Amino acid sequence: MQALDYSKIGERIRQVRKAKGWSQETLAKKCGISLNFMGKIERGDRKMSMDTFASLCMQLETDADALLWGIVKTEEPAVGNMWRHLVKKDSDSYSMYIRIMKSVADIINET
């Protein structure tokens with residue numbers, strides 16, 4: 001299993017954020033985290049929770065592979081739509097996606 005490089009993940013987050021023309025503060029507010037924490041994520045100084053990572057993916061409208069590994073792939077419409085339909089963090093769908101992502105992460109960490 002390839003180790004995660006948090007500074008590269010942070011660079012990718014910064015690139016996508018800047019491409020949208022957003023400040024760190026704007027993205028931090030959209031994700032419900034502090035500006036200080038957002039800066040630390042982008043510098044690779046801090047690890048984030050799955051909830052924060054999922055929120056970043058949703059707000060930036062990008063997939064996990066793009067942020068984690070720099071792999072940009074054309075997505076099937078169904079996959080992209082799954083994230084766009086999540087309106088509230090407290091929705092049942094959001095909770096289900098987070099549980100699935102956590103399960104996948106646990107499986108990956110076991111190998």
Side-chain angles (χ1 to χ4, degrees):
M1 163 92 194
Q2 184 179 0
L4 292 174
D5 184 333
Y6 291 96
S7 55
K8 285 187 179 179
I9 293 168
E11 287 174 25
R12 292 183 196 111
I13 291 169
R14 181 181 302 112
Q15 288 172 345
V16 176
R17 174 183 59 77
K18 286 186 173 188
K20 290 188 165 290
W22 293 349
S23 66
Q24 278 187 339
E25 184 176 14
T26 298
L27 182 54
K29 283 182 181 178
K30 288 178 177 284
C31 293
I33 61 176
S34 72
L35 175 59
N36 184 37
F37 186 43
M38 185 74 247
K40 289 180 180 185
I41 290 171
E42 286 191 359
R43 288 188 304 276
D45 294 340
R46 291 273 314 271
K47 295 179 182 179
M48 65 195 110
S49 69
M50 286 295 282
D51 287 340
T52 299
F53 183 70
S55 182
L56 284 165
C57 289
M58 285 185 350
Q59 295 302 324
L60 294 171
E61 296 178 325
T62 190
D63 65 11
D65 283 336
L67 296 181
L68 292 174
W69 313 111
I71 300 170
V72 179
K73 52 187 168 178
T74 55
E75 63 182 35
E76 295 180 30
V79 174
N81 289 335
M82 143 175 107
W83 289 109
R84 289 182 194 88
H85 291 306
L86 298 176
V87 178
K88 297 181 189 175
K89 284 189 175 182
D90 60 348
S91 72
D92 291 336
S93 295
Y94 180 85
S95 297
M96 178 184 66
Y97 293 129
I98 295 301
R99 285 194 309 273
I100 290 169
M101 290 176 66
K102 286 180 180 177
S103 296
V104 170
D106 288 344
I107 291 167
I108 290 171
N109 287 331
E110 288 177 2
T111 57

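Below, all heavy atoms of this structure are taken into account, side chains as well, without hydrogens, waters or symmetry copies. It should be emphasised that the depicted structure is a prediction, and the values quoted were computed from it without experimental measurement.
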Inset, instruction - Side-chain contact test, heavy atoms from C-beta onward, threshold under 4.5 Å: evaluate it for T62 versus I13 and give yes or no. - result: no

Legend entry - Short side-chain to backbone donor-acceptor contact, R12 and L68, under 3.5 Å: yes

What distance do [X] atom [atom1] and [Y] atom [atom2] have between them, rounded to the nearest 0.5 Å?
| X | Y | atom1 | atom2 | result |
| --- | --- | --- | --- | --- |
| I41 | S34 | CD1 | OG | 8.0 Å |
| R14 | S7 | CZ | OG | 9.5 Å |
| L4 | W69 | CG | CH2 | 4.0 Å |
| I9 | M48 | CD1 | CE | 6.0 Å |
| E11 | D5 | CD | CG | 7.5 Å |
| R17 | M38 | CZ | CE | 7.0 Å |

Inset, instruction - Assess the side chains of T52 and S55: does a donor N or O sit below 3.5 Å from an acceptor N or O? - result: no

Inset, instruction - Check K20, Q24, E25 against W22 for a side chain to side chain contact (heavy atoms under 4.5 Å, CB included) and give me the one that passes. - result: K20

Inset, instruction - Taking all heavy atoms of C57 and all of L67, pick out the closest pair and write down the distance. - result: SG-CD1, 3.9 Å

